[in-house]
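Working notes for the structure below.
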Amino acid sequence: MKLKGIAIGEGQPKVIIPTTDSSEKAVLAFVDKIADRSDFHMLELRLDPLDNVDDTDAMAALTRQVFSRLGDKLLLLTFRTKAEGGKKAISDKKYAALYHALLKDGQFDLLDIEMYRDSALTDPLIGLAHQQGKYVILSSHELHATPAAQEIIARLSEQQRRGADVLKLAAMPKGPEDVLTLLNATLDMHQHYAQRPLLTMSMGETGVLSRMSGELSGSALTFAMFGDASASGQVDVQDLGKVLEVVHKGMGA
């Protein structure tokens with residue numbers, strides 16, 4: 001998948017930096033601070049921490065402002081619900097209405113949709129996004145455990161069947177064996193089933209390896225932090241870049 005000249009699924013995993021601020025002013029200041037950096041490819045605008053996220057007109061306007069500042073970087077929009085690790089609880093109806101408004105009046109490249117929201121409300125969003133030339137990440141987050149490998153593959157396969165452009169799953173490990181389960185399931189999916197780029201991670205400090213080894217396991221994207229992390233286990237963007245380069249050189253040897 002190539003967007004703005006960025007090849008997702010080739011070479012090193014492409015790096016996503018999330019916003020974590022609660023005010024529009026702080027978000028825009030953060031974007032201005034990092035927009036010219038060469039060590040990331042995509043900004044995730046996290047909507048759920050924002051104090052005025054209920055103002056859909058303001059959110060759409062913010063996406064346009066952020067998009068205009070990013071140049072050749074990609075913009076991903078995400079409202080992470082509290083049920084899946086985000087800052088705010090929201091009904092499925094309001095969740096879908098917000099995304100409809102952003103698709104109508106916002107400006108961005110990719111939209112993260114949680115696969116376990118009401119599919120009768122969210123599946124039409126996938127089609128609408130595609131009609132507008134935008135891309136969809138379907139996502140699943142297990143906050144307290146790591147599913148079995150077969151379940152990980154089943155969820156990613158369902159996302160693919162539903163039309164996702166990027167297949168995402170994050171899971172919390174209880175020990176190193178869970179990290180290996182996720183990495184092995186990702187590799188199996190990548191080698192045998194996936195027709196779309198994958199984005200998988202094992203969360204927390206125990207899972208940090210999964211954020212660095214995507215070129216080996218088949219995960220095409222990874223999150224890094226600049227300042228505050230949006231999830232536990234994220235690595236500083238400069239440190240991550242060094243490790244990704246080391247892995248890349250090793251893979252080419």
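Numbering starts at 1 and runs along the sequence shown. Values in this document were obtained by computation on a predicted structure and should not be read as measured data.
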Quick one: are [X] and [Y] in side-chain contact, heavy atoms under 4.5 Å?
X: Glu215; Y: Leu244; result: no
X: Asp123; Y: Arg162; result: yes
X: Lys242; Y: Val246; result: no
X: Met212; Y: Val208; result: yes
X: Thr81; Y: Asp48; result: no
X: Leu169; Y: Leu182; result: yes
X: Leu43; Y: Ile16; result: no
X: Lys168; Y: His141; result: yes

Are [X] and [Y] linked by a side-chain donor-acceptor pair shorter than 3.5 Å?
X: Asp39; Y: Gln238; answer: no
X: Thr146; Y: Thr181; answer: no
X: Thr19; Y: Arg46; answer: no

Flag if over 12 foreign heavy atoms under 6.0 Å of [atom1], [X]:
X: Lys88; atom1: NZ; answer: yes
X: Gln65; atom1: CD; answer: yes
X: Lys104; atom1: NZ; answer: no

Working to the nearest 0.5 angstrom, can you tell me the gap between [X] [atom1] and [Y] [atom2]?
X: Glu44; Y: Leu74; atom1: CD; atom2: CG; value: 12.5 Å
X: Leu240; Y: Glu245; atom1: CG; atom2: CD; value: 11.5 Å
X: Met1; Y: Leu221; atom1: CE; atom2: CG; value: 7.0 Å
X: Met115; Y: Gln159; atom1: CE; atom2: CD; value: 5.0 Å
X: Ile153; Y: Tyr193; atom1: CD1; atom2: OH; value: 5.5 Å
X: Leu167; Y: Ile137; atom1: CG; atom2: CD1; value: 9.5 Å

Just to verify, what does Arg117 make a salt bridge (charged side-chain N to carboxylate O under 4.0 Å, His left out) with, not counting sequence neighbours?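 Here the qualifying residues are Glu84, Asp92, Glu114.
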Is it true that a side-chain atom of [X] and a backbone atom of [Y] form a donor plus acceptor pair closer than 3.5 Å?
X: Ser91; Y: Lys94; result: yes
X: Lys14; Y: Ile6; result: no
X: Asp239; Y: Val235; result: no

Are Met203 and Arg211 close enough, and set up right, to give a side-chain contact (heavy atoms from CB on, under 4.5 Å), and what steps lead you there? CA-CA 9 Å; Met203 295 185 285; Arg211 299 180 181 274; 4.3 Å; yes
